[in-house]
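One structure is given below, encoded as structure tokens.
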Amino acid sequence: VERLDAVENVVGAVNNWFEIHRRAVRVAAGGVLLFYSKQFPCSLLFLQAFRVTGWPVMRAGWKDLVAAYRKAKAVMYEQLPEMRKWRELVPRLEAKRIDAIEELNFARKYSRVVAADAGIVGRELARATVLVNRLEKLSDIGDIAGLQGLPSLPEARLAFDQAKIAQRTIDTKQAQALNLREKAQAQFDSIHYEYLEAKRYLSSIHALGSAI
């Protein structure tokens, strides 16, 4: 907008100068044509033909261009407060976007850690379940030899109970990790969308400024 105003000021100053010195410019041009017209007869013929045929079309087109320019400029000035608001908003959104990315990465990393722990706990519970079932079967049939070197049934059941508790704990952690990741993803998506909308809006305004 500032550049447009500067260009308009320059064009206006030049136009005002010609308006003020119109008589002098015409006298100077007439003098040049009077003394040097023989040097460029073809140019004079072209200018005369252009004044009769091309100039009316060009003048009408110029009026349309000026009208379109003024209309576009009015729209741009109308959007100027909104544009400034969005321009100030973009850096803040960028900072929020960076924070949201960090939170999302943390949530994903935490989910991977919990998933790895869940795998370990699941395997421990599976082993404890197999051991309890084996000990109960051997005890039922009275296989003393088969029980040699194995933990006692109470010890195996205690380990099984502890594995079940660990499984419930890890299930809770997995639910918390999933909730944390979903919230972080939703927050990032919202901020990222608002950031892109602000960038698109500013790009459209800049395109409008370039067009005029």
Compare every heavy atom of [Y] with every heavy atom of [X], then report the nearest pair and how far apart it is.
| X | Y | value |
| --- | --- | --- |
| L138 | G146 | CD1-O, 3.5 Å |
| L89 | E194 | CD2-OE2, 4.1 Å |
| L153 | V132 | CD1-O, 4.1 Å |
| R92 | E88 | NH1-O, 3.5 Å |

[X] [atom1] to [Y] [atom2] distance, which is reported to the nearest 0.5 Å:
| X | Y | atom1 | atom2 | value |
| --- | --- | --- | --- | --- |
| R134 | L150 | CZ | CG | 5.0 Å |
| R108 | L180 | CZ | CG | 11.5 Å |
| Y195 | F188 | OH | CZ | 10.5 Å |
| Q174 | Y110 | CD | OH | 10.0 Å |
| R112 | R181 | CZ | CZ | 10.0 Å |
| H192 | L104 | NE2 | CG | 11.5 Å |

Would you find a donor on one side and an acceptor on the other, under 3.5 Å apart, between the side chain of [X] and the backbone of [Y]?
| X | Y | answer |
| --- | --- | --- |
| E155 | S152 | yes |
| N133 | T129 | yes |
| S139 | L135 | yes |

Next item on the list: Show your working on salt bridge (charged side-chain N to carboxylate O under 4.0 Å, His left out) between E136 and R157 and close with a plain yes or no.
Entry: CA-CA 10 Å; E136 288 177 345; R157 286 174 175 168; 3.1 Å; yes
Margin query: Apply side chain to side chain contact (heavy atoms under 4.5 Å, CB included) to residues K164 and L125 and explain how you reach the verdict.
Written below: CA-CA 7 Å; K164 288 286 289 183; L125 179 59; 3.7 Å; yes
Check: Is the number of heavy atoms from other residues, nucleotides or ligands within 6.0 Å of CZ (R97) greater than 12?
Finding: yes
Notebook entry, point to check: Which of these, L178, V121, V114, sits in a side-chain contact (heavy atoms from CB on, under 4.5 Å) with K173?
Noted result: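 Considering L178, V121, V114, a side-chain contact (heavy atoms from CB on, under 4.5 Å) with K173 is found only for V114.
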Notebook entry, point to check: Can you check whether L131 reaches P151 side chain to side chain, under 4.5 Å on heavy atoms?
Noted result: yes
Note to self: Can you confirm whether T172 sits close enough to R168 that some side-chain heavy atom of one is under 4.5 Å from a side-chain heavy atom of the other?
What the structure shows: no
Checklist line | hydrophobic_cluster_shared for I170 and V113, side chain cutoff 4.5 Å | finding: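 No, it is not one cluster - the side chains of V113 and I170 are not joined through contacts under 4.5 Å.
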Item checked: hydrophobic_cluster_shared for I191 and V90, side chain cutoff 4.5 Å -> no
